[in-house]
Each structure stands twice: as structure tokens, then as C-alpha cells.
Amino acid sequence: MDSDYLKHENEPILEYMDLEELPDSDDPVYILGKQYDMKTEKCDLQSDIVSRLWFTYRKKFSPIGGTGPSSDTGWGCMLRCGQMMLAQALICQHLGRDWQWEKHKEHPEEYRQILQCFLDRKDCCYSIHQMAQMGVGEGKSIGEWFGPNTVAQVLKKLALFDEWNSLAVYVSMDNTVVIEDIKTMCKYQPHNHSMAHAASHQRTWSRCRDTLEQSSGWRPLLLIVPLRLGINHINPVYVDAFKACFKMPQSLGALGGKPNHAYYFIGFSGDEIIYLDPHTTQTFVDTEEAGTVQDQTYHCQKGPNSMKVLKLDPSVALGFFCKDENEFNNWCEVIEKEILKHQSLRMFELIPKHPPHWPPFVPPTKPEVSTIGAELIESTDKLFDVEEEFEILSV
């Protein structure tokens, strides 16, 4: 359990953002791919930070699983950080990176739909209920703390049920990002099927994969790269490359923090890394009769926090969003030529082709279920990658 959460409980939301917590220096501030001058662009920086969706501990929601906890205080911080990263991807997809939130202003319908995905109800696709119960399949009991890789795997599975956004979620393995596999996934349109149709699906996939490269369709990509940047502390050799990722227009920041104490990192200035802190307990907010949500508690109107980058736990997960293939190609070029090339020890590998010694890559698909909420969660044991299916069927 997070030992520091009590001092944050019911912490008030301030009317105006205070940036005094940010480092006082002449260094530029980078927030999710945008650069700011603290002296001349302070208001723009404030608007950008407050526009990010901010998910915190909540209390008094319906018990998870019907009989489980009704608050995630003390254990749900990494899940909340995962929600924030995913929400930023959806904002980029539907509203654009330049969209900004303003208090008491009418916002696009897409904004309301995005927020609805994360409300603390069992029928919302990325709710704390869905994430906690999906974590059981990753070996985490409800109420147990998640690490960055676990929350990435949970988001990858839940996205299979999210037909509105149709995200392709790629979580890298063994510090390796495979360009071929990502393009295959993003150009593949998943279909419902059951395990009984696994062999048929494999044959169909084998026939159609050669034609995918000619397809103009591209599902928006959420790319998550879990990393271990040291043993007990971050190795300083990785710091410049890690910070450079926040300069990229595709940046969704990073998940990480300290042991059992997660933060959502959104930028940096000098040697200070800037984050949104989920360790505030707020009361559950539900949809009103008109279908609207009182959204002010979903935007952090306090100043963001910062910490020395070398104080980070070395277990982190970088996030990136590529709306189309051109954005992904640009990401690959910048990563290879400007971020990884000049490092004596590379943060991760970017390779063009699927390694021949790895199991064959087949895009994951969702099982045949038509329910949502708690019933959906009960059906997620059917989630699979096709190669896993064949391993089961061959036993």
C-alpha cells in the first residue's frame, strides 16, 4: 500500500494553477512534445497542463466485482497513471494535441465520450473496475499495486473491446520495438471469433497478411515501451535519451515513479522531470441526467510536481501515439537517428523485421462477447493472441 496517500486525502483543488513547484531556471520546459519558455509563455504552459485529463484515487464508487473495494486509495495509483496516458492518446486522436480545456466552457462531444470511458463504473471500458479485474489475468489480485508493464498489458487487452476508438495497442517485448509487427497490427482490422475458430483464423490471417501492406487503412497506434533503465537506480547514461522522448510530437509521457508510488510524467525542464500526481482522494463522480459529467475534478488546477530524473525508479514505460502511418514513420526516423544512435547504451532496440527466433506475430483479437461491464470481465479469460491459442489446442 502507498504509505504517503493519507496526507493527500481530500486535498483541495486550487482556483489558479501555481507553477512555483517547477524548477526556476532558464531551461525550456517540454510538455508532451511542446516547448515553453517559463518567462514568456507561462500562461500557455498553464493551459496546456490543466488541459490534461487528471485521474486520481476515488472513493464511494460501486464495489469492484460486487464485493470488492469501493475506493482505490493506497493501491490504484499506477492504474490511474495508465488511464491518464491512454486518455491523452484519445485526446490526440479525437481532439488533437493543441486542444485545450477551459472551465465552464462547452466542449466537443468527443471530449465527453472520452471522459465517459474512464468513469468509475463497471460499464465504462477503462474504469478502475475493468482495469483491476483485468489485472487478475496478469497475476495481480484486486487491491494489489501494479507496475508499468502490468498496466500496459491491461490496457492492451481492454482496448480489444473498445470499438469506438479502435486503437492498436502495441506493448514492446524484451526492450525491442518491431516495425514490421506494428505496421501489421495497425493495418489489420480485427474480427470477433472464439477459440473454436482459432485454426480458421490462422489460415485466414496467413492468406491476407501479404495484402495488408497495400491497405490504406491504419488504426491509430498507442505504443508503450516498458523499460528497465538500471538495477536499483536509473543509469545516468540513459537520461538524455529518456528526456528527449518528451520532445517528440508523438509523446504521451511515461509511467513510473518510486516503488509502490506511481506518477504520470508529462515533461521535463533541465534535470527535473514533471509529473501529474494521482495521490489525491476524490469522491466518485457519475453521469448526470443530461448525460454530462461535472469534469472540474478531472483537470489538475494545482501546479504540477517535479523531481530529479535520477531519483526515478528505473522501471518505467514510455508512451507514444501515432494517428497515421506517416506519424509512425517519422517516429521511427527520429528515434533511430536522434535518440538511439548517439547513445553508448541504447534504451531499447528498434528493428525493421520480426526476429525469426520469436513466435510468429499475429494481431490479437477479442472473443465473441456482446456484454460489457462485469459480464465482460468474466469473459476476458477468452482473450488471446492466436499463437497462445495454438499452444493450448496442441496440448
Visitor: Examine distances only and state if a side-chain atom of Q93 and a backbone atom of N165 form a donor-acceptor pair shorter than 3.5 Å.
Guide: yes
Visitor: Would you please indicate if the ring centroids of W99 and Y111 are separated by under 6.0 Å?
Guide: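 Judged by ring-centre distance (under 6.0 Å), W99 and Y111 do meet the cut-off.
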Visitor: Output yes when a side-chain donor or acceptor of Y170 lies under 3.5 Å from a complementary backbone atom of V178, and no otherwise.
Guide: yes
Visitor: With rounding to the nearest 0.5 Å, note down the distance linking CZ in F242 to CZ in F268.
Guide: 10.0 Å
Visitor: Any side-chain to backbone donor/acceptor pair from H261 onto H279? Under 3.5 Å, distance only.
Guide: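 Here the side-chain-to-backbone pair does not exist.
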Visitor: Can you confirm whether W164 sits close enough to Q116 that some side-chain heavy atom of one is under 4.5 Å from a side-chain heavy atom of the other?
Guide: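 No, side chains not in contact.
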Visitor: Between E272 and K308, is any pair of side-chain heavy atoms under 4.5 Å apart?
Guide: yes
Visitor: Closer than 3.5 angstrom, by distance alone: can the side chain of S269 be matched with the main-chain N or O of P28 as a donor-acceptor pair?
Guide: yes
Visitor: Out of R58, K60, R80, which one pairs with D72 under the salt bridge (charged side-chain N to carboxylate O under 4.0 Å, His left out) rule?
Guide: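 That would be R80; it is the only one of R58, K60, R80 passing the salt bridge (charged side-chain N to carboxylate O under 4.0 Å, His left out) with D72.
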Visitor: Kindly give the heavy-atom pair with the smallest separation between I335 and M248, and that separation in Å.
Guide: CD1-SD, 3.7 Å
Visitor: Does some side-chain heavy atom of F55 sit less than 4.5 Å from a side-chain heavy atom of I128?
Guide: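 SC-SC contact between I128 and F55 ruled out.
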Visitor: Would you call K34-D98 a salt bridge at under 4.0 Å N-O?
Guide: yes
Visitor: Between N330 and Q250, does a side chain to side chain donor-acceptor pair (under 3.5 Å) hold up when you go through it step by step?
Guide: CA-CA 9 Å; N330 171 264; Q250 299 89 348; 2.9 Å; yes
Visitor: Would you mind checking if D48 and R97 are paired as a salt bridge, meaning a charged N to carboxylate O distance below 4.0 Å?
Guide: yes
Visitor: Can you find a heavy atom in the side chain of I49 that is under 4.5 Å from one in the side chain of C300?
Guide: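 No, side chains not in contact.
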Visitor: For E41 and D37, indicate whether the former's side chain and the latter's backbone hold a donor-acceptor pair under 3.5 Å.
Guide: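 Answer holds: yes.
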Visitor: What I'd like to find out is whether the side chain of R112 reaches to under 4.5 Å of the side chain of V293, using heavy atoms alone.
Guide: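 No, side chains not in contact.
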Visitor: When the ring planes of F328 and W331 are compared, do they come out parallel, tilted or perpendicular, using 30° and 60° as the limits?
Guide: parallel
Visitor: Backbone N or O of D313 within a donor-acceptor pair of the K258 side chain at under 3.5 Å?
Guide: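 Not a single qualifying donor-acceptor pair exists.
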Visitor: Please check if the side chain of S51 supplies one atom and the backbone of W101 the other of a donor-acceptor pair under 3.5 Å.
Guide: yes
Visitor: More than 12 foreign heavy atoms under 6.0 Å from CD of Q294: is that the case here?
Guide: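 Open.
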Visitor: Donor-acceptor pair, N235 side chain versus V237 backbone, under 3.5 Å?
Guide: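 Yes, N235 side chain to V237 backbone: donor-acceptor pair under 3.5 Å.
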Visitor: Can you tell me how far CG of L45 sits from CD of Q35, rounded to the nearest 0.5 angstrom?
Guide: 11.5 Å
Visitor: Please report the closest heavy-atom contact between K157 and F161, naming both atoms and the distance.
Guide: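 Closest approach of K157 to F161, heavy atoms only: O-CD1, 3.8 Å.
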Visitor: When rounded to the nearest 0.5 angstrom, what distance separates OG1 in T150 from NZ in K140?
Guide: 5.0 Å
Visitor: Are any of the side-chain heavy atoms of L312 and M307 separated by less than 4.5 Å?
Guide: yes
Visitor: Okay, side chain of Q301, backbone of Q296: is any donor-acceptor separation there less than 3.5 Å?
Guide: yes
Visitor: If you draw a 6.0 Å radius around CG in L345, do more than 12 non-hydrogen atoms from other residues or ligands fall strictly inside?
Guide: yes
Visitor: Do K243 and V239 have side chains that get closer than 4.5 Å, going by heavy atoms?
Guide: yes
Visitor: Taking E336 first and then R346, would you say they form a salt bridge - that is, a charged N and a carboxylate O separated by under 4.0 Å?
Guide: yes
Visitor: I'd like to check L155 versus M131 (side-chain heavy atoms, cut-off strictly below 4.5 Å). Are they in contact?
Guide: yes
Visitor: Where the side chain of Q130 meets the backbone of L158, is there a donor-acceptor pair that is under 3.5 Å apart?
Guide: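 Checking the backbone N and O of L158 against the side chain of Q130, no donor-acceptor pair under 3.5 Å is found.
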